[in-house]
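Here's the structure, in structure tokens; my notes come after.
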Amino acid sequence: AYLARAAKFCANWGVPEAHRPATLSALSSWAREVGLLSALERAELTGRGGSYLRFLEPCLEGRGRQHAASSPADAGRSEKLRGYAMLLVNLTGAPLPPEDL
């Protein structure tokens, strides 16, 4: 179900075919990261005033929980992300807290 939803995300947002593998990889990495969070931390993701960026940014940089147990062979993995950017859009209509900007 997750893979189908991730593929639909790419189609809905017009992610070019050439960029879909990297996008799907980033989405999968984020899903694994969320799976490693405690219940309290997960509540922070969706709670009022919560900040998902506190968890997302380290994940995308290769410093998240899932990477903490990585092998030394993966040590340079975060370097591969340099030069790339990910745009996150707040579609909730709610204002973003100033500390997240």
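All heavy atoms count here, side chains included; hydrogens, waters and symmetry mates do not. Just so you know, these numbers come straight off a predicted model, no measurement behind them.
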So which pairs with a foot in residues 3-18 pass side-chain hydrogen bond (donor to acceptor under 3.5 Å, both in side chains), sequence neighbours left out?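 Residue pairs passing side-chain hydrogen bond (donor to acceptor under 3.5 Å, both in side chains), neighbours aside: Glu17-Arg20.
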Which distance, rounded to the nearest 0.5 Å, do you find between the [atom1] of [X] and the [atom2] of [Y]?
{"X": "Glu44", "Y": "Tyr52", "atom1": "CD", "atom2": "OH", "answer": "12.5 Å"}
{"X": "Cys59", "Y": "Leu37", "atom1": "SG", "atom2": "CG", "answer": "9.5 Å"}
{"X": "Phe9", "Y": "Leu27", "atom1": "CZ", "atom2": "CG", "answer": "5.5 Å"}
{"X": "His19", "Y": "Leu24", "atom1": "NE2", "atom2": "CG", "answer": "13.0 Å"}

What is the minimum heavy-atom distance between Leu45 and Phe55, and which atoms define it?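 Closest approach of Leu45 to Phe55, heavy atoms only: CD2-CD1, 3.5 Å.
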Checking side chain to side chain contact (heavy atoms under 4.5 Å, CB included) for the pair Ser29/Glu33: CA distance, chi angles, key distance, verdict? CA-CA 6 Å; Ser29 179; Glu33 190 74 16; 5.7 Å; no
Tell me every residue that passes side-chain hydrogen bond (donor to acceptor under 3.5 Å, both in side chains) with Glu41, counting only those two or more places apart in sequence or in another chain.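 So Glu41 forms a side-chain hydrogen bond (donor to acceptor under 3.5 Å, both in side chains) with Ser38, Arg65.
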Of all residues at least two apart in sequence or in a different chain, which pass the side-chain hydrogen bond (donor to acceptor under 3.5 Å, both in side chains) check with Arg42?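 Counting only residues at least two positions away or on another chain, Arg42 forms no side-chain hydrogen bond (donor to acceptor under 3.5 Å, both in side chains).
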